[in-house]
Amino acid sequence: QVQLVESGGGSVPPGGSLRLSCVASGYTYASYVMAWFRQAPGGAREGVAAFYVTSGYIKYTDSVKGRFTISHDKSKNTLYLQMNNLKPEDSGLYYCASGSVWVSDGIPPPSHFTSWGQGTQVTVSS
């Protein structure tokens, strides 16, 4: 089992930036794909970005392309999400997730991931 702990959320005005971090511990070699999801109140959990640990392949959902950057520091077992030019619709609870091999491309659905963090709140408001 992989344990995940997120940090870095907060409240910013539109156009602001935040950097989320997710530290992994435990069975980290079982993390073949790691991803960031977000969930607004009353909404479904949405995949934001995915990082394939072995290949370095990266995938973003269309609404964040050009604004968000996902990265991974293997030496620190840490996944990052740099978020720039934030918009009110980016608000929500952001989760880090870890899963096994995913043979297709794109961001795997939430059901694929076996480990989740507790979430960190991002609020974008003027």
Side-chain angles (χ1 to χ4, degrees):
Q1 189 76 1
V2 179
Q3 291 78 46
L4 303 171
V5 179
E6 305 101 332
S7 62
S11 183
V12 296
S17 297
L18 286 172
R19 188 194 195 202
L20 306 184
S21 299
C22 171
V23 179
S25 60
Y27 238 37
T28 57
Y29 69 82
S31 298
Y32 288 90
V33 56
M34 299 188 73
W36 289 99
F37 285 79
R38 66 186 178 192
Q39 189 167 18
R45 194 164 294 193
E46 173 194 23
V48 175
F51 183 92
Y52 288 69
V53 177
T54 300
S55 66
Y57 174 76
I58 289 173
K59 182 70 177 181
Y60 298 99
T61 193
D62 287 345
S63 63
V64 307
K65 286 179 181 177
R67 301 188 297 121
F68 290 13
T69 302
I70 189 172
S71 61
H72 182 255
D73 187 332
K74 190 174 182 179
S75 67
K76 297 181 179 179
N77 285 325
T78 301
L79 184 73
Y80 301 97
L81 185 68
Q82 177 67 45
M83 305 186 294
N84 298 328
N85 191 21
L86 282 160
K87 303 176 180 180
E89 52 264 40
D90 294 319
S91 298
L93 195 57
Y94 280 68
Y95 297 93
C96 174
S98 169
S100 60
V101 175
W102 179 251
V103 297
S104 181
D105 61 1
I107 302 175
S111 58
H112 172 73
F113 294 89
T114 54
S115 297
W116 293 86
Q118 80 289 351
T120 184
Q121 180 67 40
V122 171
T123 302
V124 185
S125 174
S126 55

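Both backbone and side-chain heavy atoms feed into the values below; hydrogens, waters and symmetry mates do not. We're numbering straight along the sequence, starting at 1.
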Rounding to 0.5 Å, atoms CE (M34) and OG (S98) come to a distance of 5.0 Å

### Residue pair S91 / R38, side-chain heavy-atom distance below 4.5 Å
no

Heavy-atom nearest pair, Q3 first then G26, reads OE1-CA, 3.6 Å

Output for pair (F68 CZ, L18 CG), nearest 0.5 Å, gives 9.0 Å

**Prompt:** So do Y52 and V33 actually touch side chain to side chain, heavy atoms under 4.5 Å?
**Reply:** yes

Would you say V124 ends up clustered with Y60 if hydrophobic residues are merged whenever their side chains have heavy atoms under 4.5 Å apart, either directly or through other cluster members? yes

Closest non-hydrogen atoms of A24 and L4, given as atom of the first, atom of the second and distance, are CB-CD2, 3.6 Å

All heavy atoms of G9 vs all of T120, minimum pair found to be N-OG1, 3.0 Å

Review point. Do the side chains of P109 and W102 get nearer than 4.5 Å, heavy atoms only?
Key: yes

Shortest non-hydrogen pair, S63 vs R67, comes out as O-NH2, 2.9 Å

Output for pair (R19 CZ, T69 OG1), nearest 0.5 Å, gives 10.5 Å

Rounding to 0.5 Å, atoms CG (L20) and OG1 (T78) come to a distance of 12.5 Å

Output for pair (F51 CZ, Y32 OH), nearest 0.5 Å, gives 14.5 Å

Check your understanding: Side chains of S11 and S125: closer than 4.5 Å at any heavy-atom pair?
Key -> no

Note to self: Less than 4.0 angstrom from a charged side-chain N to a carboxylate O is my criterion; do K87 and D90 meet it?
What the structure shows: no

* Asked: Taking a hydrophobic cluster as the set of Ile, Leu, Val, Met, Phe, Trp and Tyr residues connected by side-chain heavy atoms closer than 4.5 Å, whether directly or through intermediates, do L86 and V48 fall within one such cluster?
  -> yes

Handout entry: Aromatic contact, F37 with W116 (centres under 6.0 Å)
Key = yes

- Query: Is there a path of hydrophobic side-chain contacts, each under 4.5 Å between heavy atoms of I, L, V, M, F, W or Y residues, that connects W36 with I58?
  - Reply: yes

Side chain Q39, main chain G92, donor-acceptor under 3.5 Å: no

Other residues, nucleotides and ligands only: do more than 12 of their heavy atoms fall within 6.0 Å of NZ on K65? yes

So CD of E46 and CD1 of I107: to nearest 0.5 Å the spacing works out to 8.0 Å

Nearest heavy-atom approach of Y94 to E6 is O-OE2, 3.9 Å

**Asked** Would you find a donor on one side and an acceptor on the other, under 3.5 Å apart, between the side chain of Y57 and the backbone of A50?
**Response** no

Closest heavy-atom pair, L81 versus A49, reported as atoms and distance to 0.1 Å, is CD1-CB, 4.3 Å

